Number of protein chains: 2
Amino acid sequence: MDLDQPQAAATGRAPRSTDAVYARLKQQILDNRYPPGAQILESEIAAELNASRTPVREAFVRLQQEGLLEIVPRHGVRISALSPDDMREIYEVLMSLEPTAVELLAARRPGRAELESLIASCDAMEAALEGEPDLQAWANADEAFHLSLAKLCGNRRLAAMIMQVWDQAHRARMFTLSLRPLPVQSTAEHRAVLEAILAGDVERAREIYHAHRKRGGRELTAIIERHGIQRL
Amino acid sequence: MDLDQPQAAATGRAPRSTDAVYARLKQQILDNRYPPGAQILESEIAAELNASRTPVREAFVRLQQEGLLEIVPRHGVRISALSPDDMREIYEVLMSLEPTAVELLAARRPGRAELESLIASCDAMEAALEGEPDLQAWANADEAFHLSLAKLCGNRRLAAMIMQVWDQAHRARMFTLSLRPLPVQSTAEHRAVLEAILAGDVERAREIYHAHRKRGGRELTAIIERHGIQRL
DNA sequence: GCATCCAACAACGTATACATTAACAGATGC
DNA sequence: GCATCTGTTAATGTATACGTTGTTGGATGC
């Protein structure tokens with residue numbers, strides 16, 4: 001759990017190959033460009049990204065600790081594949097951390113200005129469902145909402161942890177996006193949380209958020225079971 | 001957040017220098033052998049542990065993501081120094097995660113056998129306060145209790161996160177150990193949590209644990225303020 | 001005397017070389 | 001024909017070499 005972006009955009013600093021490899025590799029994993037469970041060699045990535053094995057190894061270590069891949073000694077790395085049990089773990093963690101983040105934020109009594117990114121995300125989610133639904137846009141706004149909230153809570157450790165498990169679940173969310181019912185209720189819940197924060201109603205904000213996560217977890221579990229998905 | 005011990009005791013496996021460096025360095029940091037905020041060079045550690053810079057760098061990356069040190073580009077690493085604000089963050093995270101862990105454990109209705117390590121820790125805490133108090137023994141038992149609980153909750157991600165922030169706060173706990181009142185109430189609270197788990201009373205277990213953490217946080221904050229501690 | 005500039009050096013970031021290990025294939029013995 | 005053993009090979013883990021960067025100390029100019 002590093003608290004800052006891993007030395008990424010340190011302006012002016014000489015750009016480090018390690019950071020570039022890390023960023024690109026992470027993006028490719030999140031974009032599902034490697035099948036879950038895939039075995040990859042250091043030299044493959046090194047060749048693909050025009051770097052030597054050294055920065056690649058360093059990126060592997062970072063990504064392993066973020067739970068996106070697993071270093072298999074003497075055999076390169078295996079891209080993480082989430083089991084239904086992993087999804088349960090992730091949702092349990094989020095059901096614990098996210099309501100806390102909301103609570104901390106609401107207790108600060110932030111003004112509209114500070115919540116601008118949340119408001120924008122809410123607007124974007126609602127807009128994405130008007131007329132022809134744009135699920136991809138909705139998912140982006142949903143993600144933006146949750147990550148903004150994590151960042152705004154005033155606890156960098158909490159934020160880093162939320163973002164970490166969120167990333168782990170990213171591929172699963174994208175996969176189930178089109179399998180779940182239109183996220184109308186979810187969108188409404190986001191708006192309700194936002195209102196509660198603005199009203200400074202700490203307890204209500206926490207409640208709604210917890211229910212939101214709980215419902216989301218149930219929905220996802222149902223989809224996974226219904227489709228008999230074992231790993232993703 | 002790696003879920004397993006970082007390839008440490010993979011029996012039979014050829015021992016990796018990286019793991020040895022990682023383990024020793026981590027232990028030395030937790031033992032406060034480096035002053036908080038200390039700047040250390042790769043070559044110093046390499047010489048001290050009879051390894052080359054390569055495994056040292058890898059260990060640095062792991063420890064940075066655990067929040068025990070910070071890699072300062074071109075300047076080696078700086079051992080983390082906790083500010084009062086950091087302590088607030090850590091306690092907020094623990095107040096969120098640990099009650100969840102207790103809840104998950106209690107909901108499983110575990111038998112006495114499964115809770116043996118918790119029972120032993122409770123006994124040890126009580127024993128440490130009988131007669132001449134042995135604060136070090138008490139602290140060890142306290143730590144054992146909390147870490148056992150994390151491991152028993154059935155969620156590896158949750159457990160890893162708890163252990164991570166717990167490690168971050170380790171030095172601060174050791175420092176304040178002799179400055180706080182005799183942890184009689186804390187010991188009683190542990191026993192009460194254990195009883196609640198055995199009784200399968202999920203809600204009560206969560207409540208007690210949350211209150212326990214809250215009180216601990218207040219106590220620590222008070223000590224920090226009273227002594228005007230800025231970094232540790 | 002003080003600020004500035006330059007040069008030497010020290011440490012890092014990356015590439016590469018070397019040692020080690022595990023898998024695989026071919027050969028050998030039964 | 002099948003199992004086993006061994007030599008080869010490929011990929012990792014570690015050490016080292018090299019280029020780059022940031023710092024420090026001294027000399028120079030005002």
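Everything quoted here is computed from the prediction, not taken from an experiment. Letters go in sequence order (proteins before strands), and every chain restarts at 1.
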Touch class at under 4.0 angstrom, heavy-atom based, for A/T54 against every strand present: base
N or O in side chain of A/R53 less than 4.0 angstrom from C/dA15 OP1/OP2: no
Rounded interatomic separation in angstrom, taking CZ from B/R57 and C1' from D/dT16: 14 Å
Euclidean distance, atom CD1 of residue B/I40 to atom P of C/dA10 [Å, nearest integer]: 20 Å
Earlier contact from the 5' end, DNA chain C, for A/P55 and B/H75: B/H75
Whole angstrom value for the distance that separates C1' of D/dT12 from CG of B/D19: 14 Å
Sugar-phosphate, base or nothing in reach of B/E58, heavy atoms under 4.0 Å: nothing
B/R78 CZ - C/dC12 P separation (whole Å): 14 Å
Along DNA chain C (nearest heavy atom to each residue), the more 5'-positioned of A/N50 and A/R74: A/N50
Integer-rounded Å distance: D/dG19 C1' and A/R16 CZ: 16 Å
Centroid-centroid under 6.0 Å between B/H146 and B/Y209 rings: yes
Side chain of A/S52 (C-beta onward), nearest among D/dG13, D/dT16, C/dT14: C/dT14
Residue A/L41, side-chain heavy atoms: nucleotide from C/dC12, D/dT12, C/dT14 that is nearest: D/dT12
Spacing between A/E42 atom CD and D/dA11 atom P, to the nearest angstrom: 11 Å
Phosphate OP1/OP2 of C/dG13: any A/T18 side-chain N/O under 4.0 Å: no
Donor-acceptor pair between A/H170 and A/N32 side chains, under 3.5 angstrom: no
Spacing between A/Q39 atom CD and D/dT12 atom P, to the nearest angstrom: 10 Å
From A/M87, A/R218, A/R180, residue fulfilling side-chain contact (heavy atoms from CB on, under 4.5 Å) relative to A/I223: A/R180
Polar contact flag, side-chain donor to acceptor under 3.5 angstrom, A/E66-A/Y22: yes
A/R171 and A/D31 ion-paired at < 4.0 Å: no
Interatomic distance where CG belongs to A/L49 and P belongs to C/dT14 [whole Å]: 13 Å
